[in-house]
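Have a look at the structure below, then the notes.
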Amino acid sequence: QVQLVESGGGLVQAGASLRLSCAASRLTFSTYPMGWFRRAPGKELEFLAAIRGTGGNTIYADSVKGRFAISRDNAKNTVYLQMNSLKPEDTAVYYCAADRLYLRRENYDYWGQGTQVTVSS
C-alpha cells in the first residue's frame with residue numbers, strides 16, 4: 001500500500017513562508033507524478049500544483065502561481081511545496097497525492113492524511 005506522509009504545517013503570520021514536505025513509500029517514486037492540494041474550511045478540495053516524475057514539468061493553479069513552488073527529490077522519495085507570502089486565505093489542510101500515470105489537476109490515485117496550515121492576520 002502506497003504511503004504518503006505530509007509534514008511542515010503550522011501556525012504562521014501573514015507574509016511568512018513555509019515549506020511542506022511529503023515523504024512517499026511503497027512506490028517507485030520517480031515514476032509517479034505528484035500533486036499538492038488543499039481544503040479550506042467549508043470549501044471544496046483545491047488543486048495547487050503538480051510535478052512530473054522526472055521533475056521536468058510542473059503545473060500550477062492560477063491562485064498560487066508565483067507564490068508557491070513544487071519540487072521533488074527522487075533520491076529522498078520526497079516532494080515539497082514552498083509557500084511564500086502566505087495569506088490568511090491560505091489557511092487549509094494541505095494534502096499531497098500521487099498519480100500512477102498522469103500529470104494532472106484531479107483524480108489522483110493515492111493521498112496523504114494532510115497537514116494543517118494556519119495563517120494569522
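Numbers here are sequence positions counted from 1. Nothing here was measured: the structure is a model prediction, and the numbers come from that model.
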Checklist entry - Should V93 and L81 be counted in the same cluster of Ile, Leu, Val, Met, Phe, Trp and Tyr side chains packed under 4.5 Å apart? => result no
Item to check | Taking every non-hydrogen atom, the tightest pair across P33 and L103 | outcome: CG-N, 3.9 Å
Checklist entry - Do you know the tightest heavy-atom contact between P88 and S121? => result CG-CB, 3.8 Å
Checklist entry - Do L11 and Q116 come within less than 4.5 Å of each other through their side chains, counting heavy atoms only? => result no
Checklist entry - For residues 87-98, which residue pairs qualify under side chain to side chain donor-acceptor pair (under 3.5 Å), counting only residues two or more places apart or in two chains? => result R38-D90, R38-Y94, R67-D90
Next on the checklist: A quick test of your reading: do over 12 heavy atoms of other residues, nucleotides or ligands sit less than 6.0 Å from CD of Q113?
Outcome noted: no
Checklist outcome for this item: Closest heavy-atom pair, S21 versus T78, reported as atoms and distance to 0.1 Å, is CB-CG2, 4.2 Å
Item to check | Least distance between heavy atoms, A98 atom then L27 atom | outcome: CB-CD1, 4.4 Å
Checklist entry - Rounded to the nearest 0.5 Å, what separation is found between the CZ atom of R52 and the OG atom of S30? => result 13.5 Å
Checklist entry - If you look at every heavy atom in R39 and A92, which pair is closest and at what distance? => result O-CB, 3.4 Å
Checklist entry - Same cluster or not: are L86 and Y80 linked, directly or through other Ile, Leu, Val, Met, Phe, Trp or Tyr residues, by side-chain heavy atoms under 4.5 angstrom apart? => result no
Next on the checklist: How long is the straight-line distance from CZ of R72 back to CD1 of I51, given to the nearest 0.5 Å?
Outcome noted: 6.0 Å
Checklist entry - Measuring from L101:CG to N107:CG, what's the distance to the nearest 0.5 Å? => result 12.0 Å
Checklist outcome for this item: Between G112 and E6, the two heavy atoms sitting closest are CA-OE2, 3.2 Å
Checklist entry - Distance only, no hydrogens: is a donor on one side chain within 3.5 Å (strictly under) of an acceptor on the other, for E46 and S63? => result yes
Next on the checklist: Does R100 have more than 12 heavy atoms from other residues, nucleotides or ligands lying within 6.0 Å of its CZ?
Outcome noted: no
Checklist entry - Tell me the ring pair (Phe, Tyr, Trp, His ring centres under 6.0 Å) pairs involving residues 8-53, sequence neighbours left out? => result F37-F47, F37-Y108, F37-W111
Next on the checklist: side-chain contact (heavy atoms from CB on, under 4.5 Å) for V5 and T115? Distances and angles first, verdict last.
Outcome noted: CA-CA 9 Å; V5 180; T115 185; over 6 Å; no
Checklist entry - With a 4.5 Å heavy-atom cut-off, do M34 and L4 have their side chains touching? => result yes
Item to check | Beyond-backbone contact of S17 with Q82, side-chain heavy atoms, under 4.5 angstrom | outcome: yes
Item to check | Side chain R105, main chain I59, donor-acceptor under 3.5 Å | outcome: no
Next on the checklist: Taking E106's backbone N and O only, do any of them form a donor-acceptor pair with R104's side chain (distance below 3.5 Å, no angle check)?
Outcome noted: yes
Item to check | Y60 vs I70, side-chain contact (heavy atoms from CB on, under 4.5 Å): CA-CA, chis, key distance, verdict | outcome: CA-CA 9 Å; Y60 290 92; I70 189 170; 3.5 Å; yes
